[in-house]
There are 2 protein chains.
Amino acid sequence: MKKHSYEYPRPALATDCVIFGFDGGELKLLLIEREKEPFKNKWSLPGGFVFMEETTEQCANRILLEKAGIKNVFIEQLYTFSKTDRDPRERVVSVTYYALVNRNQFELIAGRDTVKAEWFSISEIPKLAFDHRDIVKAALIRLKGKVRYQPVGFELLNEKFTLTQLQQLYESILETAIDKRNFRKKILAMGLLKALDEKEKNVAHKAARYYSFDNKAYKVFTQTGFNFEL
Amino acid sequence: MKKHSYEYPRPALATDCVIFGFDGGELKLLLIEREKEPFKNKWSLPGGFVFMEETTEQCANRILLEKAGIKNVFIEQLYTFSKTDRDPRERVVSVTYYALVNRNQFELIAGRDTVKAEWFSISEIPKLAFDHRDIVKAALIRLKGKVRYQPVGFELLNEKFTLTQLQQLYESILETAIDKRNFRKKILAMGLLKALDEKEKNVAHKAARYYSFDNKAYKVFTQTGFNFEL
DNA sequence: CAATAAAGTGTTATTTATACACTAAGTAAA
DNA sequence: TTTACTTAGTGTATAAATAACACTTTATTG
């Protein structure tokens, strides 16, 4: 049997982040243009190497902040990609994360400095550097699974949102049409939404009521063993 | 903004494997006794460092073979653990996997050589080395989620199994009692089981019929967009 | 041959999911 | 100021899935 002496060389360790946003009824993705070879001027996921004194999750949060000005958002580990040739320069293993971002909250900050950042509809994602297409694909599958049994979709919306916005969000993530009446019935029956007194303004039709996600109710909800399920 | 020059030092990269088996109506876990410090003589998950020329998945399969004589089994990436102090010697990031093993298939091989390996009931897991308890916990949660929408439980059983065995398997993974008639109705209705002509022998009661998982039917099943769900 | 032990089998009630169409309210254009 | 347009908002009936529940059959053992 082989003895595991393990000095150098070691694979490099990086993280890459899939950043989701929601706008104009569509799910979006934040991409960064690479400034250096390899894949210079190609679009890519924001990423970077893991420092010795940080966890991969701390690294992902640091990258979110440094490359897109994003902080304090929902983030979850996605998958670790380790194909030996995924970076042409050297062996790099990437622990990937996905983040859910309320776009309005960060619109000004994203793309600051010299970093060119842009939101893309998930239906119009350009060719990506490295194996980033695989990473995005995995993130979409994960998100689809996730929203059905965890109320994470709200992370993508403003604090106040209409039921139509919420429904559009689910429709675009799940890539399916949902019946309006059944959707509203089900989501309201859970008791996790607070109906606000406020309504839309300056719309050319009947103004929709705003709702907000009731974090307190959700806490009680989970503690009593009930499960969110859509 | 920080520039990402990334020479040494790098975290070491390892994989650890949670190996599930099923026997005597109980879910079991294969553990290895450590021969070296740190945690000498403590139980731990089989693990090892990732070589430059292998993916983390290949590494996990290699470890399964080297440490437990197990090969060609279901294996899936679980999570990457990266707390900076999870190994007292140095910074080690571990990409973990879980495997589902038919115990009968490997009973003789596991624990060969000098490696002391033993199966433990999940209700009687001893104190483990490193953060391995967290890893096991994550694996149990994953497995619970997985068996409900993917027919992976069969990986733990013999090719021929009785419906009672299958039910016990689900009961022990999901940690819940299941109604016999409803279970059989549902699982048979999916059309994924082949009833064999063979029955149990040498049992002190009515002999149960053997079934096997119908891989062909499952292929068609998935291709036609239906989903396994229990 | 009686006792034991697990296999095997249907029906009913309840809950959940699905399908479906009109009225209300606000703005913009004629 | 009236009409057209656009989206908000609402209930019911049917179908499907789930959950609850008990006795007969078949083999072995003492």
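Reminder, nothing fancy here: chain letters follow the sequence lines and each chain counts from 1. Just so it is clear, the values below take in all heavy atoms, side chains as well, and ignore hydrogens, waters and symmetry mates.
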Starting from [atom2] on [N], measure out to [atom1] on [X] and report it in whole angstrom.
{"X": "B:N182", "N": "C:dT12", "atom1": "CG", "atom2": "P", "answer": "15 Å"}
{"X": "B:K201", "N": "D:dT26", "atom1": "NZ", "atom2": "P", "answer": "18 Å"}
{"X": "A:F183", "N": "C:dT18", "atom1": "CZ", "atom2": "P", "answer": "14 Å"}
{"X": "B:E200", "N": "C:dA7", "atom1": "CD", "atom2": "P", "answer": "7 Å"}
{"X": "B:D179", "N": "C:dA13", "atom1": "CG", "atom2": "P", "answer": "17 Å"}
{"X": "B:R209", "N": "D:dT25", "atom1": "CZ", "atom2": "P", "answer": "17 Å"}
{"X": "B:Y210", "N": "C:dA7", "atom1": "OH", "atom2": "C1'", "answer": "13 Å"}
{"X": "B:L230", "N": "D:dA17", "atom1": "CG", "atom2": "P", "answer": "14 Å"}

_Base of D:dA22, side chain of B:R181 - is there a donor-acceptor contact under 3.5 Å?_
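Counting by modelled atom types and ignoring angles, a donor-acceptor contact under 3.5 Å is found here.
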*asked:* At a heavy-atom distance below 4.0 Å, what parts of residues 156-178 of chain A sit against DNA chain C?
replied: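 Per residue number, the list is empty: none.
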*Going by heavy atoms closer than 4.0 Å, what residues in residues 184-198 of chain A are next to DNA chain C?*
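The stretch gives A:K185, A:K186 as the residues lying under 4.0 Å from the strand, ordered by number.
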Would you confirm whether [X], through its side chain, and [Y], through its main-chain N or O, come within 3.5 Å as a donor-acceptor pair?
{"X": "A:K42", "Y": "A:R34", "result": "no"}
{"X": "A:H132", "Y": "A:S44", "result": "no"}
{"X": "B:Q77", "Y": "A:T80", "result": "yes"}
{"X": "B:S82", "Y": "A:T56", "result": "yes"}

Compute the ring centroids of [X] and [Y], then answer whether they are less than 6.0 Å apart.
{"X": "A:F161", "Y": "A:F154", "value": "yes"}
{"X": "A:F221", "Y": "A:F228", "value": "no"}
{"X": "B:F81", "Y": "B:Y79", "value": "yes"}

*Looking at A:L30, A:I75, A:L65, which hits side chain to side chain contact (heavy atoms under 4.5 Å, CB included) with A:I70?*
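That would be A:L30.
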*In the 5'-to-3' direction, what one-character label does each nucleotide of nucleotides 22-30 of chain C receive under the scheme B = base within less than 4.0 Å of a protein heavy atom, S = sugar-phosphate only, - = no such atom?*
--BBBS---
*Does anything in residues 120-144 of chain A pair up under salt bridge (Lys or Arg N to Asp or Glu O under 4.0 Å), and if so which pairs, sequence neighbours excluded?*
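Every pair satisfying salt bridge (Lys or Arg N to Asp or Glu O under 4.0 Å) with a residue in residues 120-144 of chain A: A:E76-A:R142, A:R86-A:D131, A:K144-A:E175.
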*asked:* Just to verify, what does B:E171 make a side chain to side chain donor-acceptor pair (under 3.5 Å) with, not counting sequence neighbours?
replied: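 Scan of B:E171 (side chain to side chain donor-acceptor pair (under 3.5 Å), adjacent residues dropped) gives B:Q167.
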*asked:* Using the side chain to side chain donor-acceptor pair (under 3.5 Å) criterion, which residues pair with B:E26? Sequence neighbours excluded.
replied: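 B:E26 satisfies side chain to side chain donor-acceptor pair (under 3.5 Å) with B:S121 only.
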